[in-house]
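A quick write-up on the structure given underneath.
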Amino acid sequence: MWVFDVGLWKKLEVFLNDEEEEDKDAGFYICWGCLVWVPSVYTSPGLYLVNHPVNLGIQLALFILVAGIVCIYVNYDCDRQRQEFRRTNGKCLIWGKAPSKIVASYTTTNGETKSSLLLTSGWWGLSRHFHYVPEILAAFCWTLPALFNHFLPYFYVVFLTILLFDRAKRDDDRCRSKYGKYWKLYCDKVPYRIVPGIY
């Protein structure tokens, strides 16, 4: 339970300090999604398995469990790298080396000029939204115990994939508008949006 609590609070800390989340209003879309959609859709593979039990065998079950844990760890480590980079103003080590970065200035709606550091190494050097890869793979691992007998349990992972690819595009559009030429430099240095070497 302690591990769950620490993980939950660390994830909450990352969520509350994330610029993507800061720009969102808590309107109907977000509230309905968090209170209705997430609890029903994200748990649907488990509900499917309650009504359609599958005997995986110990080796396959352990493989899926370990793969899921690795995905969760990588997702957490992506967020940790970015938060550590922001917290220390880029004065930290990423994978044992000083991080590469772009110092991007932008103008706020009040006309004030500010700057942000854009991380271009570690997980964030592989793609601009690499943290979505282990999140999607973890969802796949959550669904995989249903095997491939029916599409219904895979609705969650398909929906999440579409949602995150769309979110990455919207985030790129927002950052392009916010950072201008600095975002172009960032995209030149980190050319892939989500999947390294592919997209």
Side-chain angles (χ1 to χ4, degrees), residues 10-31 33-34 37-38 70-140 157-199:
K10 285 309 256 179
K11 197 71 175 169
L12 183 60
E13 176 187 336
V14 167
F15 178 80
L16 292 175
N17 292 305
D18 191 339
E19 286 181 16
E20 282 182 33
E21 303 307 328
E22 286 176 7
D23 291 338
K24 294 180 182 166
D25 294 325
F28 176 78
Y29 174 75
I30 295 293
C31 292
C34 290
W37 187 255
V38 169
V70 168
C71 290
I72 291 167
Y73 170 77
V74 171
N75 183 264
Y76 170 79
D77 197 49
C78 289
D79 289 336
R80 185 202 55 77
Q81 273 186 0
R82 181 174 58 183
Q83 290 303 315
E84 181 70 11
F85 176 75
R86 287 180 182 166
R87 188 182 64 75
T88 63
N89 243 357
K91 295 176 180 80
C92 62
L93 296 179
I94 303 287
W95 290 350
K97 297 186 287 192
S100 66
K101 63 186 179 260
I102 294 172
V103 179
S105 62
Y106 63 96
T107 306
T108 66
T109 54
N110 300 343
E112 193 179 347
T113 301
K114 292 189 172 186
S115 67
S116 288
L117 297 178
L118 305 176
L119 178 60
T120 60
S121 58
W123 298 113
W124 301 92
L126 299 176
S127 69
R128 297 188 298 273
H129 302 278
F130 181 79
H131 59 307
Y132 291 161
V133 172
E135 190 168 341
I136 291 167
L137 291 175
F140 181 72
V157 71
V158 169
F159 166 77
L160 184 66
T161 301
I162 292 167
L163 174 85
L164 294 179
F165 271 69
D166 177 63
R167 184 177 185 186
K169 184 194 178 312
R170 288 183 287 123
D171 188 48
D172 272 14
D173 292 345
R174 183 180 59 82
C175 289
R176 185 176 299 106
S177 173
K178 178 178 180 178
Y179 296 118
K181 66 182 180 181
Y182 299 105
W183 190 252
K184 180 163 180 6
L185 285 172
Y186 181 64
C187 291
D188 289 344
K189 192 151 189 179
V190 184
Y192 299 104
R193 186 175 285 165
I194 298 175
V195 183
I198 297 173
Y199 174 76

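Here the structure is a predicted model, which means the values were calculated and not measured.
Classification of R170 and D173 as a salt-bridged pair fails, no side-chain N sitting under 4.0 Å from a carboxylate O. Between D166 and K169, none of the side-chain N atoms (NZ, or NE/NH1/NH2) sits under 4.0 Å from a carboxylate O, so this pair counts as no salt bridge.
At least one side-chain heavy atom of E84 sits less than 4.5 Å from a side-chain heavy atom of R87. A 4.5 Å side-chain heavy-atom check between W123 and V74 finds at least one atom pair inside the cut-off. Between Y186 and T120 the shortest side-chain heavy-atom distance falls below 4.5 Å. Between Y199 and F165 there is a side-chain heavy-atom pair separated by less than 4.5 Å.
With sequence neighbours excluded, no residue forms a salt bridge (Lys or Arg N to Asp or Glu O under 4.0 Å) with K189.
In plain terms, the two heavy atoms of Q81 and S121 that are nearest each other are OE1-O, 4.3 Å. Counting all heavy atoms, side chain and backbone alike, L160 lies closest to I136 at CD2-CA, 4.4 Å. Annotation for E135 and N75: closest pair CB-ND2, 3.7 Å, computed over non-hydrogen atoms. Nearest heavy atoms, P191 versus R128: O-NH1, 3.3 Å.
For S127 (side chain) and P196 (main-chain N/O), no donor-acceptor pair under 3.5 Å exists by modelled atom type. Using a distance-only test at 3.5 Å, with no hydrogens or angles considered, no donor-acceptor pair links the side chain of W124 to the main chain of F130.
The salt bridge (charged side-chain N to carboxylate O under 4.0 Å, His left out) analysis of residues 108-118, with sequence neighbours excluded, yields no pairs.
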